[in-house]
2 protein chains.
Amino acid sequence: MKLTQGADYGMAAVLYLSQKSEDRRYSLDEISRATEIPEEFLRKIFQTLVKSGVINSFKGRGGGVSLARSAKDITVAEVIKPLEEEMGLVRCLREKEDCPRSSECMASNFWRKTQQNFFEILNSTTIKDLIEGGKQNARKD
Amino acid sequence: MKLTQGADYGMAAVLYLSQKSEDRRYSLDEISRATEIPEEFLRKIFQTLVKSGVINSFKGRGGGVSLARSAKDITVAEVIKPLEEEMGLVRCLREKEDCPRSSECMASNFWRKTQQNFFEILNSTTIKDLIEGGKQNARKD
DNA sequence: TTATAATAAGACTAAATCAGTCCAATTAAG
DNA sequence: CTTAATTGGACTGATTTAGTCTTATTATAA
């Protein structure tokens, strides 16, 4: 059970931008060097995040990327979800057709709830929360 | 983000056994047919669960498998963990060495907590809970 | 008005993992 | 001593992952 490396890197990149001045654009080259994320891979990650509206990008000389919103208005879920293609914990939750096994459905009810619980945490935690040290997040301390 | 198919099947198989009479042994052939889990794959799954102490197995004629304990004393975690080899949500949580990126460590604190929260649900839910319909599990309803 | 510094899009690839199979060995019951 | 079962481990094909490469496209500045 793990997130894709893209999602992992995506968080690192967004966190990096969130800690920098918001009124500049940052080239992939710069971000790649600072975070040690392979540049070409990072490019693909940003393309995804641009499409999903978390990141703004600017072509041409002096171009680069910046956060589309301030860190307090970006949730972890908004960064992770577009970078994690397959989000169902078990097969039943990924496939459209309903499962033939009744015993597995007991399991899938449980997985569905557990997964929802997980997503609720991602939805209710912002990038700003993470930077501030995560005192109050994850629903318990 | 998904569990391995082995873990998914493992739950189905344990659930199947939990709904059957406890004083018998069940052959893999029988379980495989009832649950539609490929027999050879199921065999490997049970080998793992035997090692971890959730399942008892008996060789030879009249052999087969059975639950090592009653369903109310087996947690979901006990079934899933041995079948999920890599349990760290992100690289930082899987690797031993500490990460060089300070920004990612903010993220890894968050992932660590979120993951713990997830495991606590698995630890506090028994197979019996699932069979009874999961009214009270997943920490919220 | 062209050279340059950037991202965009998408094809491509190597390696790892996953899901599943096969087979020879072992064990116990009848 | 034959048969019905699991054990252990090697093997395999397919898929996914992580990452790269290449060819546009775009914007700025000289």
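Chain letters run A, B, ... following the sequence lines, proteins first, then strands; residues in each count from 1. Just so it is clear, the structure is predicted and the values come from calculations on it, not from any experiment.
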Practice prompt. Kindly assign one of parallel, tilted or perpendicular to the pair A:Trp111 and B:Phe118, based on the angle between their ring planes and the thresholds 30° and 60°.
Written response: parallel
Worksheet entry | Check ion pair B:Glu85-B:Arg94 (N to O, under 4.0 angstrom) | no
Worksheet, complete the sentence: A correct 5'-to-3' footprint of nucleotides 20-30 of chain D, with B, S and - meaning base, sugar-phosphate only and no protein heavy atom under 4.0 Å, is BB---BBBBS-
Discussion item. Please tell me whether A:Ser21 and A:Asp23 have a donor and an acceptor in their side chains that are separated by less than 3.5 angstrom.
Written reply: yes
Item to complete: Let me know the distance between CG of A:Leu83 and P of D:dA18, rounded to the nearest Å.
Response: 11 Å
Discussion item. Between P on C:dA16 and CZ on B:Arg94, what's the gap in Å once rounded to a whole number?
Written reply: 14 Å
Worksheet item: Does A:Arg24 make a cation-pi contact with A:Tyr26 (under 6.0 Å, within 45 degrees of the axis)?
Response: yes
Worksheet item: Separation of A:Lys2 atom NZ from C:dA16 atom P, in whole Å?
Response: 12 Å
Worksheet item: For the pair made of CG in A:Leu28 and P in C:dA9, what is the distance, rounded to whole Å?
Response: 13 Å
Discussion item. Using a strict threshold of under 4.0 Å (side-chain N to carboxylate O), is an ion pair present between B:Arg25 and B:Glu30?
Written reply: no
Response to the item:
Whole-Å distance, A:Glu30 CD to C:dT7 P, equals 10 Å
Discussion item. Closest approach to the side chain of B:Gln47, judged atom by atom: which nucleotide of D:dT7, C:dG20, D:dT6 is it?
Written reply: D:dT7
Worksheet item: Has B:Thr4 got a side-chain N or O lying under 4.0 Å from the OP1 or OP2 atom of C:dT17?
Response: no
Discussion item. Could you tell me how far apart B:Phe46 (CZ) and C:dG20 (C1') are, to the nearest whole angstrom?
Written reply: 16 Å
Worksheet entry | Presence of donor-acceptor pair under 3.5 Å, side chain of B:Gln5 and base of C:dA19 | no
Practice prompt. Would you mind reading off the distance between B:Lys51 atom NZ and D:dT6 atom P, rounded to a whole angstrom?
Written response: 16 Å
Worksheet item: A:Met106 and B:Glu132: side-chain contact (heavy atoms from CB on, under 4.5 Å), yes or no, with the steps?
Response: CA-CA 9 Å; A:Met106 286 169 192; B:Glu132 287 175 352; over 6 Å; no
Discussion item. Considering only residues two or more places apart or on different chains, which pairs with a residue in residues 44-67 of chain B satisfy side chain to side chain donor-acceptor pair (under 3.5 Å)?
Written reply: none
Worksheet item: Does a side-chain N or O from A:Ser27 land closer than 4.0 Å to OP1 or OP2 of C:dT7, or not?
Response: no
Worksheet item: How close or far is atom C1' of C:dT7 from atom CG of A:Asn56, stated in whole angstroms?
Response: 13 Å
Worksheet item: OP1 or OP2 of C:dG20 less than 4.0 angstrom from a side-chain nitrogen or oxygen of B:Tyr9, does that happen here?
Response: yes
